[in-house]
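Computation of the quantities below employed the complete heavy-atom set of this structure, encompassing side-chain atoms and omitting hydrogens, waters and symmetry-equivalent molecules. Just so it is clear: chains get the letters A, B, ... in the order the sequence lines come, proteins before strands, and each one is counted from 1.
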Amino acid sequence: MDVRDQLRSGLRGALVAAGVDPVPAELGLERPANPEHGDWSSNVALATAKAAGRNPRELGQQLVEHLRADPPPHVSSVDLAGPGFVNFHLHDSWLHEVLRDIVDQGTAGFAVSSRGAGSSVNLEYVSANPTGPLHAGHARWAAYGDSLARLFTRCGYAVQREFYVNDRGVQTQLFGASLAARAAGEEPPEDGYHGEYVSEWAKEMPAEADPVAWGLERAHADQVEVMRSMNVEFDHWASEKRLVASGAMESVLAALRRTGHAFDADGATWLRTTEFGDDKDRVLVKSDGEPTYFLPDIAYHHEKYERGDLVVDILGADHHGYVTRMSAAMQALGHPAGSYEVLIGQNVTLVRDGQEVRLSRRAGNIVLARDLVELAGGDVARLTFLLQSIDTTQTIDLDVLVAESSENPVYYVQYANARVHSLARRAGEQGRARRPLVDVDLSLLTHPREVALARSLSELPDVVERAMEHRAPHQVTMWARECAAALHGFWHDCPILRDDIDEPLRQARMWLVEATRIGLGVGLGLLGVSAPESM
RNA sequence: GCGCUCGUAGCUCAGCUGGAUAGAGCAUCUGACUACGGAUCAGAAGGUCGGGGGUUCGAAUCCCUCCGAGCGCGCCA
């Protein structure tokens, strides 16, 4: 039972004693931003006073008195503050206990949550057409999707990362035709692909190759390579061609007909998406007998349920109009309303020479994911994307990215990690080994820098759960920066190997550093950024 | 016109789904242990949270309404 549970339990008892009925199932307990407000703070008095017809401060005072009479472990003082907050100040002993837990759990066990145990999630992201290189926007989804997958995994979900390859249809034909035209020294079709890469790839293409098939392979290989340089991998590559060949479209259409959600009108076949909140019904099969792109997509999403209880799409803002109809289709097929989730990410805007660079595939000035990686390196490129929420458009100034890449936050965090490892190296050189933790007195860790670092580490488990629930990997980035800052501050003020440091304190500090190694390792791992031992 | 997302320091962004005095990084200014790794640390300055109403003990956060930005509204993919 960790501190929070003990505090909650104490609060619950106090509420009962104060005659509050009913006692809420979830008791609000948070870490105040302002240290003067204690280590933990609860707003239960404020939250329950209204319903109980009580005065918040009066009720709060009763809670405080009850808790003072019988304080939970580690609690040094309980106070009433502000409009009715109950603030707990704890002895540093609770942090010392946390450090022991971190060391016991190690990188594999620390900040692991069982929130998703027994559930599975299928995450689809990027899914760019196999008709060219990935651009900077794709790279954002790659970094985001992969880190989100890592968060789900750490929270106990069985995760499948998936990329849907649209290796069939009009665009692939156009791409193949464009390659063939370039190979023959001609201009691509007007609605074909005009990027420079088409000409370059056409030179590589063997004369006897089928331009469509070869082009798909070439583009796919290019995309895989770039994502790998950003440490992004997939478990499953879903082929549209194979899906369609399997007859999945027909069986899904039959199922929709059987349940009455699909109907014929004006010579076409429609899905009654309005039944599930769409503003108009959508065509599945056109009057010329050809399916729209919507139908194979429905079949694909339906199939994904074989690989996850929760099916998640990560899409760019330009696809948000698509969400309602797909959600409607999934419900029409009998999937529970909440089981299909779409995460919409805003666009990436790139600035070069103070000018916005348009991400147009037709124009030649498109900035590729590959450019970013070559400019700044995989770690910097990746962390740059994970620096902010996907809810806001991201502006990346390429000149700043290059000029200040050495000031990128990724180095700040990696440097902290390198320092942690350098300590172990130097300690080894000096023959100063850590003694077993049971023999070490962590209560010597009372310096504000030591306490701040331990406190930062203690927050990671909450950060992981919250980041997963909010689908917000950037919160891990925020934490990693704070933890690195705490380490740097500690490093600056608290020498370890210096001769004038007493051995017991040295031992305690070495174990604090070991716990930091574990915490930073977990954080960097979730971000998919390397954790170098030296820089 | 309708819908979705957004508007927070000079710039780039956080803000734990309603909490206490709105926080970081960069840029600017001033400093630091005669460097267990200075890719570090400390301090200063910087705000009408786009404007205006409302809900309540309490609003950057929820509701309404304006203003502004991006994206979407095909029997295209």
Checklist entry - Picking from R257(A), K286(A), R272(A), what satisfies salt bridge (charged side-chain N to carboxylate O under 4.0 Å, His left out) with D264(A)? => result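 Exactly one pass, corresponding to R257(A).
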
Item to check | Residue met sooner reading RNA chain B from 5', once D493(A) and A317(A) are mapped to nucleotides | outcome: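 Nearer the 5' end of the strand: D493(A).
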
Item to check | 5′-ward residue of the pair H320(A)/I390(A) relative to RNA chain B | outcome: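 The residue closer to the strand's 5' end, by nearest nucleotide, is H320(A).
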
Checklist entry - Rounded to whole angstrom units, what separation is found between the CE atom of M249(A) and the P atom of A77(B)? => result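 Rounding to the nearest Å, CE of M249(A) and P of A77(B) are 11 Å apart.
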
Next on the checklist: Measure CZ/R434(A) against P/C36(B) and give the value in whole Å, please.
Outcome noted: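 For the pair R434(A) CZ and C36(B) P, the rounded distance is 20 Å.
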
Please check the phosphate of [N] (OP1 and OP2 only) for any side-chain N or O of [X] closer than 4.0 Å.
X	N	answer
R481(A)	A24(B)	no
R419(A)	G38(B)	yes
T392(A)	A14(B)	yes
T395(A)	C13(B)	yes
Y412(A)	C41(B)	yes
K286(A)	G74(B)	no
H488(A)	G37(B)	no
Q346(A)	A69(B)	no

Would you please determine if the base of [N] is stacked by [X], with stacking meaning a centroid separation under 5.5 angstrom and planes under 30 degrees?
X	N	result
W491(A)	U40(B)	no
F85(A)	A20(B)	yes
H37(A)	A20(B)	yes

Item to check | Base-pairing assignment for C6(B) (Watson-Crick or G-U wobble, both under 3.5 Å) | outcome: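 In the structure as shown, C6(B) has G68(B) as its Watson-Crick or wobble partner.
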
Item to check | For U12(B), the Watson-Crick or wobble counterpart (both distances under 3.5 Å) | outcome: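 WC or wobble partner is A24(B).
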
Hey, is the side chain of [X] pairing donor to acceptor with the base of [N] inside 3.5 Å?
X	N	answer
Y411(A)	A39(B)	no
S41(A)	A20(B)	yes
D318(A)	G72(B)	no
T393(A)	G70(B)	no

Checklist entry - Looking at A77(B), A14(B), G38(B), which one has an atom nearest to any side-chain atom of Y415(A)? => result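 Of the candidates, G38(B) comes closest.
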
Checklist entry - For the side chain of Q388(A), counting heavy atoms from C-beta on, which of C16(B), U12(B), A20(B) is nearest? => result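 Ranking C16(B), U12(B), A20(B) by closest atom to the Q388(A) side chain puts U12(B) first.
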
Item to check | Exercise: identify the closest heavy-atom pair between A467(A) and V476(A) | outcome: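 The answer is CB-CG2, 4.0 Å.
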
Item to check | Distance under 6.0 Å and angle within 45° of ring axis: R481(A) vs Y412(A) | outcome: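 Ring-cation test returns no.
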
Next on the checklist: Less than 6.0 angstrom from the centroid, inside 45 degrees of the normal: does R434(A) satisfy that with respect to the ring of W511(A)?
Outcome noted: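 Yes, cation above the ring, under 6.0 Å and within 45°.
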
Item to check | For U28(B), glycosidic torsion class - syn if within 90° of 0, otherwise anti | outcome: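 U28(B): anti.
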
Checklist entry - Under 6.0 Å from the CD atom of E503(A), do we count more than 12 heavy atoms belonging to anything else shown? => result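 Check passes, neighbour count above 12.
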
